[in-house]
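Structure first, then comments.
Any value given below was found using the heavy atoms of this structure, including those in side chains, with hydrogens, waters and symmetry copies removed. What you see is a predicted model; the values in this text were computed from it and never measured. First the proteins, then the strands, lettered A, B, ... as listed; each starts at 1.
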2 protein chains.
Amino acid sequence: MSARPPQFHVTADLIALTITDGVLQVAVVQRKSDLACIDIERNGIVQEIRRDSEHHWALPGGHVNVNENDIDHAAVRELREETGIEVDVKSLVQVGTYGKLGRDPRSGRTVSVAYLAFQPKIANPNAGSDAKQAKIMSVLELLAEPNRLEFDHETMLIDAIQRVRDMVITTPIATNFCAPEFTLSELREVYEVLWHRAYDKEISHRERQKYASEIREYTSDNYFQLLSSMRVYERITHGMPQLKFELASMSNRALEEKISKIVINDARRQAPKNPAIRERLDPANFARKVVGIPNFIEEVPQSGKRSSLTGTGRPAQLYRRGSAERLDPPLRLRVKKDPPKDAR
Amino acid sequence: MSARPPQFHVTADLIALTITDGVLQVAVVQRKSDLACIDIERNGIVQEIRRDSEHHWALPGGHVNVNENDIDHAAVRELREETGIEVDVKSLVQVGTYGKLGRDPRSGRTVSVAYLAFQPKIANPNAGSDAKQAKIMSVLELLAEPNRLEFDHETMLIDAIQRVRDMVITTPIATNFCAPEFTLSELREVYEVLWHRAYDKEISHRERQKYASEIREYTSDNYFQLLSSMRVYERITHGMPQLKFELASMSNRALEEKISKIVINDARRQAPKNPAIRERLDPANFARKVVGIPNFIEEVPQSGKRSSLTGTGRPAQLYRRGSAERLDPPLRLRVKKDPPKDAR
DNA sequence: GCAAAAGTGTTGTTGTTACACCCATGT
DNA sequence: ACATGGGTGTAACAACAACACTTTTGC
């Protein structure tokens, strides 16, 4: 090795995923620069072009500080700074490191470490200091025309999804998509969404576009933003005086729950239709399989039950994550192969 | 981000694995420096101490050049320079990136990307320019007293083994441990070895030591080095004149095979005993399961058959790797749980 | 001939799927 | 009352482990 070894820039990038109503979503930001770094031909050559502020996105991330304890600390910090989302370092999963020559056309050579983060439900992301705008976006929409990801972030995202799919079989990370206490159908939704072939790595561009259009009107732009917007709350309290009275007499905790329930119901009514980009798993068999894996999940002792998200149906038992770090045996769910396509 | 982002050293480290006679082995080197960087208390604090040239080892690896196309290229180059082992970039698997502050006490801050490499049978490693010595060593022996790995290479190695175990059930990488053409028992050996609890991540230090001593006399120091040494060949040809004559009349290809057969037989006689750090899988069921996975492996058409490694028994059908990039369904092998220990 | 390994066949057991059925809740 | 989802039961089916048996080699 030479006396003065070469120096690199090291950055941490984050794939912050969440699952909402059958759609896998990811946090993206828009960098301040007027130039966007896009791999136009998808051939590995990234070049700076004039930014399309509607359709050019990047994963949140940035430089690691030399005094920072570990790279994942930088990942957490950058996600907070750029999107306002707060995650625990312990829950991060390293996806891989990307260091191809030319992956960043700007000065110096940059190596990026990509991390996965999970959010039960990502609150409205705030534009931070490092980005003009930040938002949660459906993965399918992001990967479809006319949207583009900067640098090699599309590769990172696809690798990350592949990794999640692998890990939910052998580890309990699927619970990271849920709140600390969850019902079996909430957990099942995670698998149903991830199992859908729209997220297959080797799917055709054409087909992905099709799935993207199915859910286009259903993402953060209208429905999800609306859900957490103040206007909904105002509409509720203004429009229904008797409700306002009822709320005033409730404890803070109960009030929150009540409001969130109303907001959810309202949003559901507003939603054009459920996009349902997901497989269907038999609830009964899923439940048996999941509770049969030692220490995967455990019942919440005081028999608190939660009504289902759709509002109707029998309230379900609550569970929380168990002590297992790996699923043994791994969770195998049937992959329904309607067309028994021959061996390729 | 500041105007002048911080700079890091970036290195590539390699975990080059091979499986021989029921023992998982890894390539290690001894750095030239008189000081070794050891995490003495295994608490993350690496310090420079006087080198014990018998028991202090490091994974092969080194700095990435700024003009190098990708990090894995550097990995291949470093492995060649330090051990003489040649691997294909395409066969590398990225394990992870290690960037904790203080993982390298020498000047500057270093981030290391760890890669897995596979060798069907690693030839005698040559000491390269960057290392006083390089050798292939049993993983168990390396992890047991009094041997120590430098930096955080022990963590890397254990992570790598865990990754291999995960990947052999979902991808065809197990074939990377075999020659291009292999018999089913050669493939089965890979799984039998990797399945052994000696390679469990959460095994006690005490127990690992026990397994290490079982195979101590059986590693590269005597048996494996001997196998490929010239002395064996000389002993054969000198000691048996009639054999020499027979060899002289054979084609180059047949000669090679004949010699390798003799050398293997000889080495087996020399070996104290088979260490057998492996599980036993039912050959019949294993074969059925493996050939049942679409495109995992395929028969070599011209019905070449190879006699088993032990010399006796019916010659087996040869196979080679198929076109599948993932095993679907994944390969599930029974984990015989003799002690039905309760849920932890 | 005997030992050892490759293959093929078979059987009892285990695990899984696909339903039917009852329960508890909101509208 | 009815729709909707939670949860239990179960019969038909598929997958698998275990073991017996035949084949083909080296010694």
Side-chain angles (χ1 to χ4, degrees), chain A residues 21-22 182-189 192 257-258 261-262 264-266 268-269 274 276 278-293 297 299-300 303-319 328-338 340, chain B residues 22 182-189 191-192 195 257-258 261-262 264-266 268-269 274 276 279-293 297 299-300 303-319 328-338 340:
Chain A
D21 295 298
F182 50 86
T183 66
L184 286 188
S185 28
E186 285 164 2
L187 183 63
R188 178 160 42 87
E189 188 192 23
E192 288 182 338
E257 272 185 25
K258 187 77 183 174
K261 197 171 290 183
I262 292 171
I264 287 173
N265 278 341
D266 180 82
R268 190 174 51 236
R269 257 191 303 278
N274 195 311
R278 57 157 104 169
E279 294 291 323
R280 286 288 162 189
L281 298 176
D282 184 303
N285 295 334
F286 177 84
R288 272 187 287 246
K289 209 169 279 195
V290 161
V291 300
I293 297 175
I297 56 174
E299 285 192 11
V300 176
S303 58
K305 308 216 172 195
R306 181 192 298 171
S307 56
S308 68
L309 285 174
T310 60
T312 178
R314 173 176 168 183
Q317 175 62 247
L318 285 178
Y319 289 84
D328 189 25
L331 184 61
R332 298 279 324 274
L333 304 171
R334 72 110 182 54
V335 197
K336 194 181 287 175
K337 297 181 178 176
D338 313 54
Chain B
F182 50 86
T183 66
L184 286 188
S185 28
E186 286 163 1
L187 184 62
R188 177 161 44 86
E189 187 192 24
Y191 289 94
E192 289 183 336
W195 257 225
E257 271 183 28
K258 187 74 183 175
K261 198 172 291 182
I262 292 171
I264 286 173
N265 278 341
D266 180 81
R268 189 177 50 241
R269 257 191 302 279
N274 195 311
E279 295 290 325
R280 285 289 160 188
L281 298 175
D282 184 302
N285 294 334
F286 177 84
R288 271 186 287 247
K289 208 170 281 195
V290 161
V291 300
I293 298 175
I297 55 174
E299 284 191 14
V300 175
S303 58
K305 308 215 171 194
R306 181 192 297 171
S307 57
S308 69
L309 284 174
T310 61
T312 178
R314 173 177 168 180
Q317 175 63 248
L318 285 178
Y319 290 84
D328 190 25
L331 184 61
R332 298 276 326 273
L333 304 172
R334 73 108 180 55
V335 198
K336 193 181 288 174
K337 297 181 179 176
D338 312 53

Spacing between [X] atom [atom1] and [N] atom [atom2], to the nearest angstrom:
X: B:Arg332; N: C:dT16; atom1: CZ; atom2: C1'; answer: 13 Å
X: B:Glu186; N: C:dA5; atom1: CD; atom2: C1'; answer: 13 Å
X: A:Lys289; N: D:dG7; atom1: NZ; atom2: P; answer: 18 Å
X: A:Asn285; N: D:dA14; atom1: CG; atom2: P; answer: 16 Å
X: A:Asp282; N: D:dG7; atom1: CG; atom2: P; answer: 13 Å
X: B:Leu281; N: C:dA5; atom1: CG; atom2: P; answer: 15 Å
X: B:Leu184; N: C:dG7; atom1: CG; atom2: P; answer: 6 Å
X: A:Arg314; N: D:dG7; atom1: CZ; atom2: C1'; answer: 5 Å

Tell me which of B:Arg188 and B:Arg288 sits closer to the 5' end of DNA chain C, going by the nucleotide each one is nearest to.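 The answer here is B:Arg188.
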Nearest to the side chain of B:Ser185, heavy atoms from C-beta on, is which of D:dG5, D:dG7, C:dA6?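 Among the listed nucleotides, the one closest to the side chain of B:Ser185 is C:dA6.
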Less than 4.5 Å apart, any side-chain heavy atom of A:Ile297 and any of A:Phe182?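 The answer is yes, as the side chains (C-beta and beyond) meet within the 4.5 Å cut-off.
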Treating [X] as the side-chain partner and [Y] as the backbone partner, does any N or O pair qualify as donor plus acceptor under 3.5 Å?
X: B:Lys289; Y: B:Leu331; value: no
X: A:Glu192; Y: A:Gly22; value: no
X: B:Ser185; Y: B:Arg188; value: no

